[in-house]
Amino acid sequence: MPELPEVETTRRGIAPALEQQKITAVIVRNKKLRWIVPIEISRDLAGQTVQKVQRRGKYLLLACDTGTVIIHLGMSGSLRILSVAIAANKHDHVDLIFGKQCLRFNDPRRFGCVLWTQKDALLHPLLKNLGPEPLSTAFSGSYLFRCANKRHVPIKNFLMDSSIVVGVGNIYANEALFIAGIHPQQAAGSISLAQFQCLAKTIKEVLRAAIKQGGTTLRNFSNSDGKPGYFKQKLNVYGRGGLACLTCKTILEEIRLGQRSTVYCPQCQILTL
DNA sequence: AAATTCTCCTGAAGGC
DNA sequence: TGCCTTCAGGAGAATT
C-alpha cells in the first residue's frame, strides 16, 4: 500500500512528464471512487496546463491554471504515464490526456480519489486539518510532546492520526516504534520529551531511507511494468508477528490496534506506567 | 473533546 | 481444481 515514500516517489516520477504540459482531455471510466469524481473535471480541465506536481501528506496535487487536481492513492491506487494508444485495463478509472501521453489512475479497491477544486487546495476540507509534514522542521520531538499532552490514546494510533502528522502509515508506525523502543500501546501523554525526540528522529530516518529506496525503482514505474516504485524495505517488525526479533530473538507479538495489525517486540518495547 | 468503531472495496490467501 | 470465507488496510464519518 502506498505510504508517504511511495507517494513521493510517484510524484517525482510523474512530475517531469506533466509539468508545463497541457491537458487536452479527461476520461472518467468509473467515477465511483472513495468520493465521486466530480463531473466538472472534464469540462474544466481541458486546455489547462499543469503548473506543478506537489504532495501534501499522501495527497498528490496537480496545480493547474485555475485550480488543483487532488489525488489520493488509497490502498491500492497507482499512477502511470502511458501512451494514449495503450488500451485501458481493468480498474483504470481515470485518464488525464496530454496529447499523445496520458496520466492513468488505476485503483482496484477504489479507496483512492480524484478530485478537482478551483479554490485554494490547502483549504480543501480534506487538507485543511492536516498536521505537519514529517520531513519538515515543524515536525519534531517537542512538537509531538506538546500534542500528546494529557492524551491517553496509544502512541501508535497517535502517530497515524493525520491531524498530528501526515504520511505515517501502519507500516512505518510499527517500524519507528520498534526502532525507538516504545511499546505501541503506550499512552501518548506518558511519553517523555527525550523519547519523543528519539521517535521524531527515527520517523524521519525511516521515511528518508524508504524514499531513497523508492527512488531506485523510480525508473520502472512510469513506463513499462506498471509497478509503482515499491521499495523492498527491510522491515524489522511489520509482517513478522510470531517470528524472532532481529535484535534480541524474542518472539514478536501481534495485536490489533484500531483495526490495524500491530507488531512489536515485548522485550525491546516495554510498556511503562 | 477524545477515543473507538464503522465503512468503503477487491485481490490474495487459506480451508475444505 | 474450484468455490467459499477471511483478511488487509487509508482515513473520513459516525458513534460512544
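Proteins come first, then strands; the chains are lettered A, B, ... in the order of their sequence lines, and each starts at number 1.
DNA chain B lies under 4.0 Å from at least one heavy atom of each of the following residues of residues 146-154 of chain A: A:R151, A:H152, A:V153, A:P154.
Contacts of A:S261 with the nucleic acid, taken as non-hydrogen atoms under 4.0 Å apart, involve only primed sugar atoms and P, OP1 or OP2. Using a 4.0 Å heavy-atom distance criterion, A:K32 is classed as making no nucleic acid contact.
Between the P atom of B:dA3 and the CD atom of A:Q259 lies a distance of 17 Å, rounded to the nearest Å. To the nearest angstrom, P of B:dC9 lies 10 Å from CG of A:N30. Between A:D161 atom CG and B:dT5 atom C1' there is a gap of 15 Å when expressed in whole angstrom units. As a whole-Å value, the separation of A:F111 CZ from C:dA11 P is 12 Å. Distance, A:R110 CZ to B:dT7 P: 18 Å, rounded to whole Å. Here the C1' atom of nucleotide B:dG11 and the CG atom of A:N106 are 12 Å apart, to the nearest Å. When the P atom of C:dA11 is taken as reference, atom CZ of A:F158 falls 16 Å away, rounded to whole Å. Taking atom CZ on A:R256 and atom P on B:dA3, their separation rounds to 21 Å, with Å as the unit.
Side-chain contact between A:E205 and A:I179: absent, with no pair of heavy atoms (C-beta onward) separated by less than 4.5 Å. In this structure, the side chains of A:R56 and A:V166 come closer than 4.5 Å at one or more pairs of heavy atoms. The side-chain heavy atoms of A:R240 and A:L246, taken from C-beta on, include a pair separated by under 4.5 Å. Side-chain atoms of A:T250 and A:C268, non-hydrogen and from C-beta on, never get closer than 4.5 Å to each other.
Aromatic ring orientation, A:H72 versus A:Y59: perpendicular (interplanar angle above 60°, classes split at 30° and 60°). A tilted orientation is assigned to the rings of A:Y264 and A:H183, their planes being inclined by 30° to 60°.
Phosphate contact (OP1/OP2 of B:dC9, side-chain N/O of A:H91, threshold under 4.0 Å): absent. Between A:R109 and B:dG11, a side-chain N or O to OP1/OP2 separation shorter than 4.0 Å is absent.
A:S190 meets the side chain to side chain donor-acceptor pair (under 3.5 Å) test with A:Q186; sequence neighbours excluded.
The hydrophobic cluster containing A:I251, built from Ile/Leu/Val/Met/Phe/Trp/Tyr side-chain heavy atoms closer than 4.5 Å, comprises no other residue.
In this structure, SG on A:C265 lies 10.5 Å from CG on A:N236, to the nearest 0.5 angstrom.
Judged by distance alone, the side chain of A:E175 and the main-chain N or O of A:V237 form a donor-acceptor pair under 3.5 Å.
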Between N or O atoms, less than 3.5 Å apart, protein on one side and nucleotides 12-16 of chain C on the other: list the pairs.
from	atom 1	to	atom 2	distance (Å)
C:dG12	OP1	A:Y59	OH	3.0
C:dG12	O4'	A:R34	NH2	3.1

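For the 3.5 Å distance criterion, the side chains of A:K156 and A:N170 qualify, holding a donor opposite an acceptor.
Direction change of the helix axis from one end of the helix from B:dA2-C:dT16 to B:dC16-C:dG2 to the other is 50°, with five pairs defining each end axis (rounded to 10°).
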Review item, side-chain donor-acceptor pairs of residues 81-89 of chain A, under 3.5 Å, at least two apart:
from	atom 1	to	atom 2	distance (Å)
A:S83	OG	A:A85	N	3.0

